[in-house]
Amino acid sequence: MTLRIYDSATRTVRDFAPLREGEASIYLCGLTVQSEPHVGHIRSGVNFDVLQRWLRELGYRVTFIRNTTDIDDKILAKAADQGRPWYNLAYDMAGELARAYDLLNVARPTYEPNATGHIPEMVELIELLIDRGHAYAAADGSGDVYFDVRSWPAYGELSGQRIDDMEAAADADPRGKRDPRDFALWKGWKEATEPRTASWPSPWGRGRPGWHIECSAMAGKYLGESFDIHGGGLDLRFPHHENEQAQSRAAGHGFATYWMHNAWITTAGEKMSKSLGNSLLVPEVLKRVRAIELRFYMVSAHYRSHVEFSFEALDEAAAGFRRIENFLERAAEALPESFSVGTSSGDGFLAAFSAAMNDDLSTPAAVAAIHDAVREGNKQLAEGQTEELAVTYAGVHEMLRILGLSPADPAFATGGADQALSGAVDALVGRLLEQRAQARAAKDFAAADAIRDQLNAAGIAIEDTPSGAKWSIDGGGR
RNA sequence: GGUGGGUUGGCCGAGAGGCGAGGCAACGGACUGCAAAUCCGUGUACACGGGUUCAAAUCCCGUACCCACCUCCA
């Protein structure tokens with residue numbers, strides 16, 4: 001069975017056929033590091049992390065490049081407002097982003113290039129475009145260089161638009177443009193308003209790169225003139241990706257074979273956006289649920305579906321995930337110690353899981369396969385079918401691992417402080433449970449239930465199992 | 001004006017011509033001293049109006065509402 005992915009350039013589902021046998025190259029547009037990342041930003045990271053993991057699982061050698069845009073108008077404006085250097089703001093926000101990715105178990109890409117680290121590559125590409133007659137230096141002496149949209153007949157092919165149908169941007173400054181749709185490859189330094197540190201030497205004078213050129217230059221550098229998959233958020237389709245493709249192809253490159261775009265997480269029906277003030281920052285959300293639960297929530301929806309964010313839905317997802325975790329814990333206790341994970345070949349659930357993943361990363365169906373396996377495993381657990389349980393347990397483990405949702409993953413490990421705390425609580429709760437056990441043995445159920453109620457009130461759930469009472473922090477109360 | 005997407009049961013969320021994905025919640029049953037956890041069972045949902053078809057949530061036409069993009073937002 002081959003992987004099929006939805007290619008948003010052709011708007012069809014296509015078999016994935018890499019340019020180089022056994023290899024897969026991916027370029028993902030990362031973020032402009034101008035402020036703290038919200039859950040929408042992270043969704044993109046998680047979605048493409050799942051893609052990357054699945055490709056590796058299929059045996060591809062994956063080269064995954066995710067860039068960081070660390071210079072642009074907004075960064076300059078915000079840094080100026082905050083009275084600090086733009087590079088300090090970008091650096092700080094890049095750090096916040098990296099932390100958020102780490103918390104959500106988004107694997108590090110092969111490389112994460114910064115725009116400002118690739119000025120020479122961009123200048124080179126711009127010169128090539130000028131040579132080939134697809135770009136020009138503005139005649140107004142601004143030092144700007146523009147891409148000549150009219151010189152590239154295929155312009156608009158990615159987003160399915162025709163130049164003449166496009167709404168002329170009302171607020172666009174025509175500056176030295178030949179056509180209002182021409183976009184900046186290079187922006188001349190505005191000495192009066194912009195810091196010198198945000199400018200670099202070029203054949204057209206000091207300046208800084210336009211937004212789109214960085215991706216063309218960096219994708220070319222790290223993945224070659226042609227590569228397999230280019231990804232990003234839906235809003236990047238136009239203009240960003242359209243322009244990237246126009247530039248790269250006008251320069252004679254093949255560029256991306258497949259385009260993948262993830263949909264939004266919305267709040268109150270609207271796109272999450274910093275300017276709307278409806279952003280949910282990752283640390284805020286993580287006060288409510290654990291990182292692994294947030295990742296599960298994101299993976300439970302298909303990457304091309306809009307997700308209407310709500311804490312209610314998030315809590316539900318977390319409850320669903322706890323059921324899976326609960327199974328893993330109980331199964332691990334029931335299985336012999338000699339048992340080791342990795343004997344799950346032939347498991348029917350894995351086949352369903354794989355089929356789902358191959359179908360344009362249909363993670364909702366993949367998650368359903370996990371739930372099915374958990375139900376089966378719980379049954380095996382109840383009936384003491386240890387051998388079957390071992391296979392199911394390994395299968396569930398495997399599926400979670402592939403989705404980056406393994407509770408055993410170091411990214412989700414609780415810190416030393418948590419463990420110490422948990423040890424302390426265990427000692428205290430253990431004494432109460434002992435008293436309860438004595439009361440139950442003496443058939444003093446009123447006293448036993450009083451202890452349980454007391455613990456429940458403190459947010460600790462009690463479960464009686466054949467091997468004695470167990471306690472856990474009751475997440476439902478959060 | 002142009003382009004694309006959406007509207008599914010109490011809630012979340014898949015599916016894309018024919019056996020009711022899955023989860024959460026609820027209710028009933030088993031288990032339990034009672035619970036919890038777990039298992040079993042219970043739902044006849046696809047915005048609206050037409051049409052095609054033996055068969056439509058799925059295809060076609062129309063309507064309504066929502067969302068996104070149209071030059072620097074994942």
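Lettering of chains follows the sequences in order, A, B, ..., and the numbering in each one begins at 1.
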Keeping the roles fixed (side chain from Asp182(A), backbone from Asp179(A)), state whether a donor-acceptor pair exists under 3.5 Å.
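Pair found, side chain donor or acceptor close to backbone of Asp179(A).
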Under 3.5 Å donor-acceptor, Glu242(A) side chain and Leu158(A) backbone
yes
Does the side chain of [X] get closer than 4.0 angstrom to OP1 or OP2 of [N] through an N or O atom?
| X | N | value |
| --- | --- | --- |
| Asn262(A) | A74(B) | no |
| His371(A) | G22(B) | no |
| Arg323(A) | G22(B) | no |

Given salt bridge (Lys or Arg N to Asp or Glu O under 4.0 Å), test Lys78(A) with Asp81(A) step by step and report yes or no.
CA-CA 5 Å; Lys78(A) 280 202 176 170; Asp81(A) 283 351; over 6 Å; no
Considering residues at least two apart in sequence or located in another chain, which fulfil the salt bridge (Lys or Arg N to Asp or Glu O under 4.0 Å) criterion with Arg43(A)?
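Checked Arg43(A) against salt bridge (Lys or Arg N to Asp or Glu O under 4.0 Å); zero matches.
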Assign [X] to base, sugar-phosphate, or nothing according to its heavy-atom contacts below 4.0 angstrom with the strands shown.
| X | result |
| --- | --- |
| Phe48(A) | nothing |
| His261(A) | nothing |
| Asp182(A) | nothing |
| Ala369(A) | nothing |
| Lys470(A) | nothing |
| Ser8(A) | nothing |
| Asn326(A) | sugar-phosphate |

Does [N] have a Watson-Crick or wobble mate here (both distances under 3.5 Å), and if so which one?
| N | result |
| --- | --- |
| G10(B) | C24(B) |
| G43(B) | none |
| G1(B) | C70(B) |

Nearest-Å distance once atom [atom1] is located in both [N] and [M]:
| N | M | atom1 | result |
| --- | --- | --- | --- |
| C67(B) | G29(B) | C1' | 45 Å |
| A57(B) | U52(B) | P | 16 Å |
| C40(B) | G22(B) | P | 11 Å |
| A14(B) | C48(B) | C1' | 23 Å |
| C19(B) | A56(B) | P | 11 Å |
| U8(B) | U58(B) | C1' | 11 Å |
| A45(B) | C24(B) | P | 23 Å |
| G17(B) | U7(B) | P | 16 Å |

Which one, [options], comes nearest to the side chain of [X]?
| X | options | value |
| --- | --- | --- |
| Ala368(A) | G22(B), C12(B), A14(B) | G22(B) |
| Arg237(A) | G4(B), C11(B), G13(B) | G4(B) |
| Arg375(A) | C40(B), A74(B), G15(B) | C40(B) |
| Asn243(A) | G13(B), C69(B), U71(B) | U71(B) |
| Arg330(A) | U71(B), U38(B), G13(B) | U38(B) |
| Arg181(A) | U71(B), G23(B), C73(B) | U71(B) |
| Pro239(A) | C70(B), G23(B), A68(B) | C70(B) |
| Asp372(A) | A21(B), G22(B), C12(B) | G22(B) |

What residues form a side chain to side chain donor-acceptor pair (under 3.5 Å) with Thr197(A), not counting sequence neighbours?
Trp86(A)
State plainly whether the residues Lys177(A) and Asp140(A) are in salt-bridge range, i.e. N to O under 4.0 Å.
no
For the pair made of [atom1] in [X] and [atom2] in [N], what is the distance, rounded to whole Å?
| X | N | atom1 | atom2 | result |
| --- | --- | --- | --- | --- |
| Asn378(A) | C39(B) | CG | P | 4 Å |
| His41(A) | A74(B) | NE2 | C1' | 5 Å |
| Asp359(A) | A16(B) | CG | C1' | 11 Å |
| Glu325(A) | G23(B) | CD | C1' | 15 Å |
| Asp148(A) | U71(B) | CG | C1' | 15 Å |
| Glu376(A) | G23(B) | CD | P | 13 Å |
| His38(A) | A74(B) | NE2 | P | 7 Å |

Both conditions, 6.0 Å and 45 degrees, for the charged tip of Arg178(A) above the ring of Tyr136(A): are they met here?
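Yes, cation above the ring, under 6.0 Å and within 45°.
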Cation-pi check, Arg66(A) onto Phe48(A) ring (under 6.0 Å, within 45° of axis)
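Ring-cation test returns no.
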Sorted by position of nearest nucleotide on RNA chain B, 5' first, the leading residue of Gly30(A) and Arg11(A) is Arg11(A)
The residue, Lys379(A) or Ala313(A), whose nearest nucleotide of RNA chain B is more 5′ is Ala313(A)
Quick check, are the ring centers of Phe227(A) and Phe255(A) under 6.0 angstrom apart?
yes
So which protein nitrogen or oxygen atoms get under 3.5 Å of nucleotides 33-36 of chain B's nitrogens or oxygens?
unit_1: G33(B); atom_1: N7; unit_2: Arg440(A); atom_2: NH2; d: 3.3
unit_1: G33(B); atom_1: O6; unit_2: Arg440(A); atom_2: NE; d: 3.0
unit_1: G33(B); atom_1: N1; unit_2: Asp449(A); atom_2: OD1; d: 3.0
unit_1: G33(B); atom_1: N2; unit_2: Asp449(A); atom_2: OD2; d: 2.7
unit_1: C34(B); atom_1: O2; unit_2: Arg452(A); atom_2: NH2; d: 2.5
unit_1: C34(B); atom_1: N3; unit_2: Arg452(A); atom_2: NH1; d: 3.0
unit_1: C34(B); atom_1: N3; unit_2: Arg452(A); atom_2: NH2; d: 3.3
unit_1: C34(B); atom_1: N4; unit_2: Asp464(A); atom_2: OD2; d: 3.3
unit_1: A35(B); atom_1: N6; unit_2: Asp464(A); atom_2: OD2; d: 3.4
unit_1: A35(B); atom_1: N1; unit_2: Asp464(A); atom_2: N; d: 3.2
unit_1: A35(B); atom_1: N1; unit_2: Asp464(A); atom_2: OD2; d: 3.1
unit_1: A35(B); atom_1: N3; unit_2: Arg452(A); atom_2: NH1; d: 2.8
unit_1: A36(B); atom_1: N1; unit_2: Asp464(A); atom_2: O; d: 3.4

Return the CG to CG distance between Leu28(A) and Leu51(A), rounded to the nearest 0.5 Å.
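So the gap between those two atoms works out to 9.5 Å.
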